[in-house]
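Data block below; observations after.
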Amino acid sequence: MLRSIRYPILLLLALYQLLLAGCTVAPVKDPTPQRETPEQSLSRLYQLAQNSRSPDTEGYLLEAATVLISLKRNGEAETILSSIATEKLPEQLKTTHRIARSQVALSFYKAQEALDILAGIRALTSPKDIDLIQQLALLRAQSYRILNRPIASAQQLVSIEQLIQEPNSTAHQELIWDTLMQGTASQLSAAISNQDKSSFNGWLQLALLSKDNQNNLDKELVALNQWRKAWPNHAASRQLPEELQLLSTIISERPKHITLLLPLNGKNGSVGRAIRDGFLAAYYDALEQQSQTPKIDIIDTSTTINFLELYNQASMQGSELIIGPLQKENVRLLASLPELKLPTLALNYHETAATTTNLFQFGLSAEDEAKQVARAARRKGFHRSLVLTPNSDWGKRIARAFATEWSEVDGKLLETQYFGEENDYSSAIKGLLNLDESERRAQRVQSLTTQKLEFTPQRRGDMDFIFVVAAPKQARQIKPTLAFHFAGKIPVYATSHIFSGTSSPLLDRDLEGITFCEIPWMLDYDNSPIKQRIGTTWPATAGHLGRLYALGVDSFHLFPRIKQLAMSPNGALDGATGKLTLDQQGRIVRQLSWAEIRDGQIRAQHHQ
């Protein structure tokens, strides 16, 4: 089975670079010698700048800056761009200078600054400006994407779709689609005008029908065919986005017999039962929506120590797809095999990359959340971080995932501190904030005199935010302790683990001010019939086991779309546990929503 890689930020940047490659503005006339290395180019340009007069000097420096940008040496490029006297540049090079500055700003995730710079470029109308018009639209689209404004980003991309030529037009259309699918159904609906026959409005309607019918493949196909009749000349009608091209295939090939392999008793029984019940709640909802549903078998894996025996039993009973196992050791066992006979959606992750054919892995990965925190903080413009995490395998694993992703987005990790037993947070926080060093300095000074010195500890001031890994009880004590140690106004980010899942206003008011990622189920699903069914049927567990019910719901909605996600690099499912995509290792990757605690209650955040 095909597996495609999907890392949204990396994919996005790669596509932008592909499209921008054909529309670069050359700042100076001087030809570059063939086979010149980048360092030789820089040396030559610096020499030319030194030996020339204005405006040629500024032109050569500007070209050197563009070389540095291509080498991702953006700090050096920024220094050169700042040194150029722009009033000495001709109009064309002033435009090139602004474009270079916006590229540098975007490299530091300063998207609003990039937009402000681009706003100073005069209106372009000449046919000679086509390449420049494309470049400006792509840079604005990239800026809006970083600012989490997908509709505005897509509008920029659609504005130049007629200008993009092969071989880049297909990639451009996929980028439009991917960008629109980052928006919510409500955002898409608000942007649509029923009387508007523009290409952009057609794109909006196409994206909305996909969002509205993502849990009912048959209705989605009917809606798609109706859209194509209404928009026969639309670019997307002539060539559908890849994930929509696969609809007919996945409908005809969707499994008709599924087996759940879950522990329903023993130490993991409550977890397995919650996932099963979430799965069945989605199943009964599909029946009510008159969607085609498969035959379901359920096998309790807690009844035997020979998991492979149960797995083979499911295969022999005519199952076409297996959901499970849950226990990590059983996932590891399947991952050790070269091939599985049936597509299998394991509900946990193997520690290392698995190459087993037909094995897909899905779970509530804490590492996914840590990586998302790193990307969101970098988009905010933060550069320097501190990490506070439990001194446990779990805490260290999350901290490592954050540190790796933070490094990937050019963030700087200043320090990591570990806390041990409960209530032992003060010493770790003092170490994190360098207050312990400040106290030791004061003690050394005090030892030199008999006079009593008054002393206020000074915390470090070089961090932009703190990433906290903690359970609810721990986090409720950590946040006030940070405030006590003069760090109450420092931004704090966390994973969903700080929230218990159950509303506790009196306890959770101590989490006020922490930004954390959370599954949509906890934020936006209150009107969902499935969530209401679960809340009514299992009121005692609907809160603290809510994420597990959501995992079961998503398992049901994922099963017919696994092949679509595997074959379409832009494929995604807006699930109860997050926006779900598939990487090349067959791992379902979750992109969560953002939340905060206000007045003791969890609230969605929409500006991250």
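- Heavy-atom minimum distance, Glu243 versus Gly571: OE1-CA, 3.7 Å.
- Within 6.0 Å of atom CZ in Phe484, 12 or fewer heavy atoms from other residues, nucleotides or ligands are found, so the atom counts as exposed in its surroundings.
- Atom CZ of residue Arg101 and atom CG of residue Leu118 lie 9.5 Å apart, to the nearest 0.5 angstrom.
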Pair Tyr493, Phe467 - check ring-ring contact (aromatic ring centres under 6.0 Å, His included), show working.
CA-CA 5 Å; Tyr493 279 70; Phe467 174 47; 8.5 Å; no
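- For the atom pair Ser107 OG and Ile69 CD1, the distance stands at 7.5 Å (nearest 0.5 Å).
- Using a 4.0 Å cut-off between charged nitrogen and carboxylate oxygen, Lys396 and Glu367 do not count as a salt-bridge pair.
- Nearest heavy-atom pair across Gly488 and Lys479 is O-NZ, 3.8 Å.
- A side-chain donor-acceptor contact under 3.5 Å links Asp196 to the backbone of Ser198.
- Proximity of a side-chain donor or acceptor of Ser237 to a complementary backbone N or O of Asn233 within less than 3.5 Å is not detected.
- A donor-acceptor contact under 3.5 angstrom links the side chains of Ser54 and Glu58, judged on distance only.
- Classification of Glu596 and Arg598 as a salt-bridged pair holds, one side-chain N sitting under 4.0 Å from a carboxylate O.
- The shortest non-hydrogen separation linking Val104 to Ala77 is CG2-CB, 4.1 Å.
- Of the charged side-chain nitrogens involved, at least one lies within less than 4.0 Å of a carboxylate oxygen, so that Lys579 and Asp574 count as a salt-bridged pair.
- A side-chain donor-acceptor contact under 3.5 Å links Glu161 and Ser199.
- At a cut-off of 3.5 Å, with distance as the only test, a side-chain donor of Asp116 or Gln112 sits close to an acceptor on the other residue.
- By the 30° and 60° cut-offs, the orientation of the rings of Trp177 relative to Trp203 is tilted.
- Of all heavy-atom pairs between Ala154 and Leu180, the closest is CB-CD2, 3.5 Å.
- A donor atom on one side chain and an acceptor atom on the other are found under 3.5 Å apart for Trp406 and Ser385.
- Ion pairing between Glu512 and Arg509 fails under the 4.0 Å rule for side-chain N and carboxylate O.
- In this structure, the ring of Tyr425 has its center less than 6.0 angstrom from the ring center of Phe419.
- No donor-acceptor pair closer than 3.5 Å links the side chain of Ser593 to the backbone N or O of Ile519.
- Ion pairing between Arg378 and Asp464 fails under the 4.0 Å rule for side-chain N and carboxylate O.
- With 3.5 Å as the limit, one finds a donor-acceptor pair spanning the side chains of Thr179 and Arg145.
- Gln417 and Glu415 are linked by a side-chain donor-acceptor pair at a separation below 3.5 angstrom, with hydrogens and angles left out of the test.
- For the pair His234 (side chain) and Trp227 (backbone), a donor-acceptor distance under 3.5 Å is absent.
- A side-chain donor-acceptor contact under 3.5 Å links Glu166 and Ser169.
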